[in-house]
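Structure record follows, encoded as structure tokens.
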Protein chains: 2
Amino acid sequence: METSVSAIKNKTKKTASRKRQRLSPDEREALIVDTAIEFFSEHGFEATTRELAQRLGITQPLLYRYFPTKQKLIERVYERIYVRRWQPKWGRLIKNRKRSLTDRLIDFYQEYTDAVYDYVWVRSFLYAGLMGLDINSRYLEIIRTNVLIPICVELRHENDQPSVRKVPISDEEMELAWSMHGMFFYRAVRHFAYGLPIVENLDQVIESDVRLFMKGAPQAQKKIIKRQMA
Amino acid sequence: METSVSAIKNKTKKTASRKRQRLSPDEREALIVDTAIEFFSEHGFEATTRELAQRLGITQPLLYRYFPTKQKLIERVYERIYVRRWQPKWGRLIKNRKRSLTDRLIDFYQEYTDAVYDYVWVRSFLYAGLMGLDINSRYLEIIRTNVLIPICVELRHENDQPSVRKVPISDEEMELAWSMHGMFFYRAVRHFAYGLPIVENLDQVIESDVRLFMKGAPQAQKKIIKRQMA
DNA sequence: GTGCCAATTTATCTTTTGATAATTTAGCAG
DNA sequence: CTGCTAAATTATCAAAAGATAAATTGGCAC
């Protein structure tokens with residue numbers, strides 16, 4: 001079903017200025033989305049449809065044959081950039097009780113770095129949030145379900161706390177998990193949004209973060225649950 | 001020199017629709033800036049000059065008598081937003097060795113919340129970063145000097161590590177301090193940039209963060225310094 | 001080769017918004 | 001009270017950018 005975009009590009013971009021190229025709707029759409037990802041990555045989402053069309057080598061109105069509004073196109077791009085970048089294996093990694101939670105988290109956040117520590121990714125994610133596009137919430141839901149909640153669940157399991165069925169996860173306990181995530185993600189913000197230099201040995205720092213977290217988290221969780229029961 | 005804006009407001013906003021109000025340039029300018037801060041806080045910097053003028057009860061072209069471009073007005077707003085927020089007493093608070101570092105950090109971050117957990121502040125800070133405005137670096141330097149470095153220094157002091165003069169603070173050690181700050185600030189990002197609900201008992205969560213940090217930080221710091229010496 | 005039809009383009013609209021020029025008038029000096 | 005000055009308004013421009021309607025044409029079916 002998926003059309004090979006590189007193949008189409010060959011078909012299209014042959015020489016400088018060429019005659020109108022008539023593609024099948026599937027091909028054209030694939031080409032638009034693919035180019036849009038690249039284009040918006042570089043210029044941000046305020047960039048114009050006209051410039052996008054220019055890069056595509058088509059006219060601007062043609063975009064509107066494939067996407068009713070710019071917003072819809074952007075949503076499509078987001079979908080591709082964010083949602084698809086999440087690898088289901090990560091969810092399994094975190095839940096795998098054959099290993100210590102510390103090891104699992106170190107592995108996860110180190111691998112996750114490859115997906116997230118990326119100029120385009122971080123910046124457009126922040127932009128989307130600031131602009132109020134409803135893109136972040138879907139992605140953050142993935143994080144919630146696959147990272148934060150498992151952290152709480154596994155942490156309880158390792159430290160003999162009541163299961164989440166007996167004592168549901170409170171907001172405060174979720175915040176505990178967010179703390180871990182914050183240490184990790186704020187580094188990316190500092191680097192890609194503020195332009196500060198990134199630390200050299202990132203893997204080392206991530207490991208250090210996780211160990212820091214895992215050292216204090218059990219006690220913190222215990223306290224939270226205790227307060228919750230009172 | 002500073003004009004009391006609340007006084008001018010009384011002067012201005014008397015009844016619903018009033019005749020044109022002729023103010024001195026100083027007064028009018030103060031009113032514009034003050035209102036702009038409030039206005040852009042709520043609607044972000046993409047909001048229009050017309051709407052701002054409406055809130056001010058003046059016409060849109062009048063803005064251009066006081067600021068040659070919208071950009072200039074925004075810069076002025078930025079300046080004001082960051083000028084007064086950092087309180088020098090916070091620097092002293094963190095360095096006060098009469099109290100435990102844990103207590104100091106809890107106090108600091110709880111107080112600091114009032115300055116930073118603010119729609120305008122967080123969003124404009126992120127926007128400035130993304131847009132490449134050179135606003136963040138100056139502010140982050142304050143954070144570095146008054147928060148992060150003191151955290152490292154005090155942490156060493158409390159845990160019998162070599163002084164920073166003997167063993168300078170490495171990037172990795174700075175990252176450790178940034179971890180603390182990340183837990184704190186990423187919450188604000190989640191709330192004000194992503195629009196997620198903020199946890200109810202924020203003070204409690206901050207205290208929890210600091211305790212989490214202080215539980216693991218000494219060991220982490222020790223490791224880092226050890227690696228550094230090797 | 002011919003005709004068709006949908007992919008694509010051309011031309012154009014509309015709204016938004018930053019910015020300017022010309023006109024009006026508030027309110028103080030005298 | 002009168003006149004002047006500059007504060008403020010009205011009217012308007014121009015550019016940008018999303019979106020639409022009508023005309024054009026590439027390339028497949030036959």
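Any value given below was found using the heavy atoms of this structure, including those in side chains, with hydrogens, waters and symmetry copies removed. Just so we're on the same page: letters track the sequence lines, and every chain starts at 1. Since the model is a prediction, treat every value here as computed from it, not as a measurement.
With dT17(C), dA7(D), dA21(D) as the candidates, the nucleotide lying closest to the side chain of Arg65(B) is dA7(D). Among the nucleotides dA11(D), dT9(C), dG18(D), the one closest to any side-chain atom of Pro61(B) is dA11(D). Relative to the side chain of Arg50(A), the nucleotides dA19(C), dT12(C), dT17(C) differ in distance, and dT12(C) lies closest.
Taking atom CD of residue Glu29(A) and atom P of nucleotide dA7(C), one finds them 11 Å apart after rounding to whole Å. Between the CD1 atom of Ile32(B) and the C1' atom of dA7(D) there is a distance of 11 Å, rounded to whole Å. Rounded to an integer number of Å, the gap from Leu62(B) CG to dA19(C) C1' is 14 Å. The nearest whole Å value for the distance from the CD atom in Glu27(B) to the P atom in dG27(C) is 11 Å. Look at CD on Gln60(A): it is 13 Å from C1' on dT14(C), rounded to the nearest Å. A straight line from NZ of Lys70(A) to C1' of dA16(D) spans 11 Å, rounded to a whole angstrom. Atoms CG (Leu23(A)) and P (dC5(C)) sit 21 Å apart, rounded to a whole Å. Atom-to-atom, CG of Leu31(B) to P of dA7(D) comes out at 15 Å; the value is rounded to the nearest Å.
Ring geometry for Trp178(A) versus His181(A): interplanar angle over 60°, hence perpendicular rather than tilted (30 to 60°). Between Phe185(B) and Trp121(B), the ring planes are perpendicular. Angles over 60° get that label, and only those under 30° would be called parallel. Aromatic ring orientation, Tyr82(A) versus Tyr78(A): parallel (interplanar angle below 30°, classes split at 30° and 60°).
Residue-level contact check: Thr69(B) touches the backbone only, with heavy atoms under 4.0 Å from sugar-phosphate atoms and none from bases. Backbone-only engagement by Thr48(A) is indicated by non-hydrogen atom pairs under 4.0 Å involving sugar-phosphate atoms exclusively. If you check every strand for non-hydrogen atoms under 4.0 Å, Pro25(A) touches sugar and phosphate atoms only.
For dA8(D), one of the phosphate oxygens OP1 or OP2 lies less than 4.0 angstrom from a side-chain nitrogen or oxygen of Arg28(B). OP1 or OP2 of dA8(D) has at least one side-chain nitrogen or oxygen of Tyr66(B) nearer than 4.0 Å. Note on Tyr64(B): every side-chain N or O is 4.0 Å or more away from OP1 and OP2 of dA21(C). For Thr49(B) and dG18(C), the shortest distance from a side-chain N or O to OP1 or OP2 is below 4.0 Å.
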Seminar exercise, completed: With sugar-phosphate taken as primed atoms, P, OP1 and OP2 and all else as base, the protein-contact string of nucleotides 25-30 of chain D at under 4.0 Å (heavy atoms; B, S, -) is BBS---
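A donor-acceptor pair shorter than 3.5 Å can be found between the side chains of Gln221(A) and Glu173(A). For Ser179(A) and Arg187(B), the side-chain atoms include at least one donor-acceptor pair closer than 3.5 Å.
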Exercise. Could you go step by step and tell me if Glu51(A) and Thr48(A) meet the side chain to side chain donor-acceptor pair (under 3.5 Å) rule?
Worked result: CA-CA 5 Å; Glu51(A) 282 174 297; Thr48(A) 68; 3.2 Å; yes
For this session: Dump the intermediate steps for ring pair (Phe, Tyr, Trp, His ring centres under 6.0 Å) on Tyr186(A) and Phe184(B), then the final yes or no.
Result: CA-CA 10 Å; Tyr186(A) 187 62; Phe184(B) 175 81; 9.6 Å; no
Exercise. Between Tyr194(A) and Phe125(B), is a ring pair (Phe, Tyr, Trp, His ring centres under 6.0 Å) present by the stated rule, with each step listed?
Worked result: CA-CA 9 Å; Tyr194(A) 304 160; Phe125(B) 199 74; 5.1 Å; yes
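For the pair Thr59(A) and Ala47(B), nearest-nucleotide mapping onto DNA chain C gives the more 5' position to Thr59(A).
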